[in-house]
Amino acid sequence: MKVGILGGGQLGRMLLQAGANYPVETYCMESRADCPASSLCQHFVAGDITNADQVFEFGKNLDAVTIEIESVSTEGLRRLEAHGVKVFPSSAALDIIKNKITQKEFYASFSIPTSEFVVTHSLTDVKANGHLFPAVHKAATGGYDGRGVQILNNVSEAEKAFESDAVLERKVNIKKELAVIVAKSQSGDTVLYPPSEMIFDPVLNLLQFQLSPATLPEKVLWKAEAIALAVVKNLNSAGIFAVELFLDQEDGVWVNETAPRVHNSGHHTIEGNYSSQFDMLWRVMLGLPLGNTDKVMDSALVNLIGQSTETIDENSVQLRELSKIGNAFVHLYGKKESRPGRKMGHVTILSNDRSELVHQANRVRNIWENKL
Ligand code: ADP
């Protein structure tokens with residue numbers, strides 16, 4: 001079977017690593033030939049994934065295509081679907097998710113709990129909705145990893161709001177941020193991974209690490225699972241989906257957003273669960289039975305964020321020190337350049353002892369940030 005991946009970043013790379021276990025011929029399209037996935041796919045095509053013609057040309061002779069980023073041309077995917085190529089997720093599901101306005105309207109139309117919102121096009125619209133403050137203003141398109149998101153604590157801060165199409169939503173009083181990965185097969189079967197919880201630095205409000213499974217009261221777990229499943233069922237598409245949720249101080253659960261693809265919040269599944277999110281997507285695409293989402297062990301996931309322009313090689317102190325941790329699995333994405341803030345890799349730590357997970361996660365961060 002010939003399968004194409006649109007986008008060649010670390011997600012494509014890890015998908016290709018898992019694909020090496022299956023009888024597939026792999027193709028990948030990305031603009032830069034030195035991207036993380038290019039050396040792992042069998043056929044690399046340099047091209048623009050946002051261009052409909054190039055997406056169609058790339059996929060027209062393949063059996064299936066998938067995406068690793070939402071910016072892929074949905075027009076190109078629609079043409080591939082019409083041509084008989086299987087597309088994961090469907091172009092229709094991607095269209096809903098690509099734009100934060102249609103995404104929020106989708107949740108509302110299926111009565112899926114999400115924080116109250118209005119659509120805004122100008123500063124005047126923002127100021128006219130004082131009842132939603134404190135609020136979060138999100139650009140309809142172009143946002144990624146927190147860019148395109150503004151916290152507006154009161155109407156006087158509205159001056160800095162986006163003037164373009166956006167969503168203004170009530171700020172949730174967050175107790176925990178959760179993520180649930182859901183897979184849906186071509187025949188409509190679904191499986192869920194145990195939810196993960198994000199642990200933030202209370203001072204800097206930066207993600208420190210992620211713990212899986214999240215520690216949750218049973219009723220909250222059920223709510224989170226029911227909501228994640230409702231999102232995926234109503235998107236009406238096979239594939240793998242990461243549903244990001246907020247748990248509020250009153251134990252209410254709200255959808256923040258959904259990614260219709262493999263996702264950072266599922267990286268721990270490579271070692272932490274029987275079937276990883278990447279393995280699962282291959283099963284979906286190949287029409288195999290869905291895998292086992294049970295955890296093998298509890299896990300912590302630490303992103304290795306670029307600190308400077310210095311790249312890591314086998315002589316780097318960081319790699320040597322990380323390699324000494326017996327229950328840690330180090331993943332470097334092979335990016336040719338490092339930049340502050342860029343995701344350069346991740347480390348998964350396995351242990352059924354929570355305090356050991358937290359201890360090692362902090363140790364990994366300190367090693368990476370060179371504060372040994
Ligand atoms: P992106 O798509 O860029 O990742 P998100 O929509 O996930 O952006 O928002 C980034 C972060 O902003 C979230 O992880 C959360 O901490 C905060 N945030 C977003 N929406 C809300 C909200 N309605 N209430 C409170 N915090 C929010």
Side-chain angles (χ1 to χ4, degrees), residues 7 9-11 67-72 94 96-108 112-120 126 129-155 157-158 160-162 164-181 195-211 214 224 227-228 231 241-267 301 303 305 341-343 346:
Q10 64 265 20
L11 295 166
I67 64 165
E68 65 132 38
I69 188 162
E70 283 83 349
S71 56
V72 170
L94 183 58
I96 292 169
I97 282 175
K98 239 184 165 179
N99 182 307
K100 293 214 172 175
I101 297 174
T102 50
Q103 193 179 146
K104 285 289 273 190
E105 287 171 346
F106 160 77
Y107 301 134
I112 294 169
T114 190
S115 67
E116 188 186 346
F117 71 100
V118 292
V119 174
T120 63
V126 175
N129 284 285
H131 68 287
L132 288 177
F133 286 75
V136 182
H137 202 215
K138 301 181 175 183
T141 54
Y144 195 67
D145 275 348
R147 290 189 294 260
V149 175
Q150 294 173 326
I151 310 280
L152 304 175
N153 287 306
N154 48 59
V155 183
E157 287 184 14
K160 63 177 183 186
F162 301 114
S164 51
D165 294 353
V167 167
L168 182 73
E169 63 181 42
R170 208 182 273 287
K171 188 175 170 201
V172 176
N173 197 358
I174 299 174
K175 181 148 80 179
K176 278 184 182 178
E177 293 197 28
L178 308 171
V180 182
I181 309 260
S196 299
E197 66 179 279
M198 315 300 149
I199 308 291
F200 286 90
D201 181 321
V203 181
L204 301 173
N205 197 31
L206 284 175
L207 177 64
Q208 277 185 303
F209 53 88
Q210 176 188 286
L211 287 176
I227 292 172
V231 169
F241 301 85
V243 184
E244 296 181 38
L245 303 157
F246 297 133
L247 172 64
D248 72 18
Q249 299 293 338
E250 284 77 46
D251 279 353
V253 182
W254 311 89
V255 177
N256 174 27
E257 60 175 359
T258 303
R261 54 168 170 82
V262 286
H263 190 255
N264 197 148
S265 63
H267 289 354
L301 168 68
N303 286 322
I305 307 292
R342 195 172 192 207
K343 286 178 187 161
H346 75 264

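Indexing begins at 1, ligand by ligand and atom by atom, following the structure's order.
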**Prompt:** Would you say Lys100 touches ligand 1, if touching means a heavy atom closer than 4.0 Å?
**Reply:** yes
If you compare Asp248, Val172, Asn173, Val167 by their heavy atoms, the one closest to atom 24 (N) of ligand 1 turns out to be Val172
Note: ligand 1 atoms sitting under 4.0 Å from heavy atoms of Glu177 are 13 (C), 14 (O), 15 (C), 16 (O)
Going by the 4.0 angstrom heavy-atom rule, the piece of Val136 near ligand 1 is side chain
Can you list the steps and then say if Val231 with Phe106 is a side chain to side chain contact (heavy atoms under 4.5 Å, CB included)?
-> CA-CA 9 Å; Val231 169; Phe106 160 77; 4.3 Å; yes
Short version for Lys138: what comes under 4.0 Å of ligand 1, heavy atoms counted, is side chain
Yes or no: does Ser115 have any heavy atom under 4.0 Å from an atom of ligand 1? yes
Practice task
Please lay out, stage by stage, how Gln10 and His346 fare under the test side chain to side chain donor-acceptor pair (under 3.5 Å).
Solution key: CA-CA 10 Å; Gln10 64 265 20; His346 75 264; over 6 Å; no
Sorted by chain and number, sequence neighbours left out, side chain to side chain contact (heavy atoms under 4.5 Å, CB included) with Gln208 holds for Ile199, Asp201, Asn362, Arg365
With heavy atoms and a 4.0 Å threshold, my read on which part of Ile151 contacts ligand 1 is neither
Q: Take Asn153 and Lys171 through the test side chain to side chain contact (heavy atoms under 4.5 Å, CB included) and record every step on the way to the result.
A: CA-CA 9 Å; Asn153 287 306; Lys171 188 175 170 201; 3.6 Å; yes
Honestly, for Trp254 the part within reach of ligand 1 (heavy atoms, under 4.0 Å) is neither
So the atoms of ligand 1 within less than 4.0 Å of a heavy atom of Arg170 turn out to be 23 (N)
Worksheet item: Has Phe200 got any heavy atom lying under 4.0 angstrom from an atom of ligand 1?
Response: no
A student comparing Ile174, Val149, Leu168, Asn264 should find that the heavy atom closest to atom 9 (O) of ligand 1 comes from Val149
Here the pair of heavy atoms bringing Ala224 nearest to Leu245 is CB-CD1, 3.8 Å
For Glu169, the atoms of ligand 1 under 4.0 Å from one of its heavy atoms are 20 (N), 21 (C), 22 (C), 23 (N)
The answer for which part of Lys171 has a heavy atom under 4.0 Å from ligand 1 is both
Check ion pair Asp251-Lys175 (N to O, under 4.0 angstrom) = yes
Applied to residues 134-143, the salt bridge (Lys or Arg N to Asp or Glu O under 4.0 Å) test, sequence neighbours excluded, yields Lys138-Glu169
In Val126, Val136, Val119, the residue satisfying side-chain contact (heavy atoms from CB on, under 4.5 Å) with Leu168 is Val126
CD1 of Ile96 to OG1 of Thr258, rounded to nearest 0.5 Å, is 10.5 Å
